[in-house]
Amino acid sequence: MSLTPPLVARLVTAEFVAALLVFPTLLMIPAPYGRYRRPGFGPMMPARLAWVLMELPAVVVPVWAFLAAGGASRGPVPWLLLALWELHYVQRTFVFPFAMRGRRATKPVLTAALAVLFNVVNGVGNGASLAWRAESMTPLNWLGVALFLAGLATNLHADHILRTLRRPGEDGYRIPRGGAFRWVSAANYFGELVEWTGFALAAMTPAAWAFAAFTAANLVPRAITHHKWYRATFPDYPVERRAVVPFLL
Ligand code: NDP
């Protein structure tokens, strides 16, 4: 397959359209994994294996697309942006799944398959777009890099807090506290949203903005559902906490 700007433009358009469809769908039908796992979504698979298989294309495909689009001969800026991407996805693929706690964790094969499809499309678009991106960085682009790193730190810290709510082998849920959980119920999603908004500001490519939009379409509805679930489940849930955007939403 030869990577051309018109092909990437079509993939980016498809991703924006998918974001518009996914947002209302997930507001009505929570993705059936974790606390919303329920029958009716076909065969299930072990969650750890699902995470590795789902996220592996997000590690490999962007590097392939970057090189196929001529990235090898580019200067340090496109490489730096690709390295930020890989920093996130190597952690998500090879560290996060093995740190998860919970004995019965499974995911629908359907969810994993859709995630693979998304990560291939998103990886092609973003890898090629980074290869074609300008070599220079504006102050706004550097602000995006700083936001990306702050979002990554928030996401990792929040996922660490969630993980340590359970002792090894436990399955239940507790109220998370500390870090960005002081302000929002879904601190890990808040970090993820800051990360990919920062990445879009840093890269300033349509593909990176499409990914930021899709991340919001995917995670904001789930954060709202988590928030309602916490409030319904724990009578002593902190009243000042918002769902995903501190002080706002
Ligand atoms: P969740 O917050 O639903 O769960 C994360 C982990 O923490 C799971 O193992 C979960 O267990 C456990 N957990 C969550 N809440 C509690 C609690 N109150 N008490 C005890 N354990 C808890 O996150 P996701 O699984 O949806 O996402 C995981 C990571 O992937 C996040 O960092 C997220 O930002 C990222 N992600 C990114 C997406 C994107 O579009 N870029 C899409 C989806 C996820 P259990 O599974 O048993 O509920």
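In listed order, ligands and their atoms are each counted from 1.
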* To do: Please identify each residue that fulfils salt bridge (charged side-chain N to carboxylate O under 4.0 Å, His left out) with R174, with sequence neighbours left out.
  => E170

* Interfacing atoms of ligand 1 (cut-off 4.0 Å, heavy-atom, R222) -> 26 (O)

* Would you check whether Y173 has a nitrogen or oxygen atom less than 3.5 angstrom from a nitrogen or oxygen atom of ligand 1? => yes

* Asked: Is there a heavy atom in F214 that sits closer than 4.0 Å to ligand 1?
  -> no

* Kindly identify the option in K107, H160, R166, R35 whose heavy atom sits closest to atom 10 (C) of ligand 1. => R166

* D171, portion touching ligand 1 at heavy-atom distance under 4.0 Å -> neither

* Asked: With backbone taken as N, CA, C and O and side chain as the heavy atoms from C-beta onward, which portion of I175 lies under 4.0 Å from ligand 1: side chain, backbone, both, or neither?
  -> neither

* **Distance filter under 4.0 Å to G34 heavy atoms, resulting ligand 1 atoms** => 45 (P), 46 (O), 48 (O)

* Structure fact -> The atoms of ligand 1 lying under 4.0 Å from a heavy atom of D159, numbered in the order shown, are 29 (C), 31 (C), 32 (O)

* Is there a side chain to side chain donor-acceptor pair (under 3.5 Å) between D159 and N188 once you walk through the steps? -> CA-CA 6 Å; D159 275 338; N188 50 349; 3.0 Å; yes

* So is R37 in contact with ligand 1, going by heavy-atom distances below 4.0 Å? -> no

* Proximal atoms of ligand 1 relative to R174 (non-hydrogen, under 4.0 Å) -> 17 (C), 18 (N), 19 (N)

* Asked: With a distance cut-off below 6.0 Å to the six-membered ring centre and an angular limit of 45° from the axis, does R241 pair with Y237 as a cation-pi contact?
  -> yes

* Ion pair check, E192 and R92, cut-off under 4.0 Å -> yes

* Does even one non-hydrogen atom of W51 get within less than 4.0 Å of ligand 1? -> yes

* **Heavy-atom side-chain proximity of K107 to F41 below 4.5 angstrom** => no

* Asked: Has ligand 1 got any nitrogen or oxygen that is less than 3.5 angstrom from a nitrogen or oxygen of Y89?
  -> no

Pairs of donor and acceptor atoms involving the side chains of residues 214-223, under 3.5 Å and at least two apart or interchain, shall be tabulated with distances.
from : atom 1 : to   : atom 2 : distance (Å)
T215 : OG1    : F211 : O      : 2.8
R222 : NE     : Y33  : OH     : 3.3
R222 : NE     : Y189 : OH     : 3.0
R222 : NH1    : A31  : O      : 3.0
R222 : NH2    : Y33  : O      : 3.0

* Below 4.5 Å, heavy atoms only, C-beta onward: do V12 and T205 meet side chain to side chain? -> no

* Hey, is G172 one of the residues with a heavy atom under 4.0 angstrom from ligand 1? -> yes

* **Element-labelled atoms of ligand 1 that are located less than 4.0 Å from some non-hydrogen atom of Y33** => 24 (P), 25 (O), 26 (O), 43 (C)

* Asked: Which atoms of ligand 1 have any heavy atom of T215 under 4.0 Å away?
  -> 41 (N)

* pair R37-T106: side-chain heavy atoms closer than 4.5 Å -> yes

* With a cut-off of 4.0 Å, which atoms of ligand 1 are near a heavy atom of N218? -> 40 (O), 42 (C)

* Asked: Going by heavy atoms in the side chains, are M204 and F199 under 4.5 Å from each other?
  -> no

* For H226, atoms of ligand 1 separated by under 4.0 Å from a heavy atom -> 1 (P), 2 (O), 3 (O)

* Asked: Does some side-chain heavy atom of H88 sit less than 4.5 Å from a side-chain heavy atom of E195?
  -> yes

* To do: Indicate yes or no: at least one non-hydrogen side-chain atom of E15 is less than 4.5 angstrom from one of N122.
  => yes

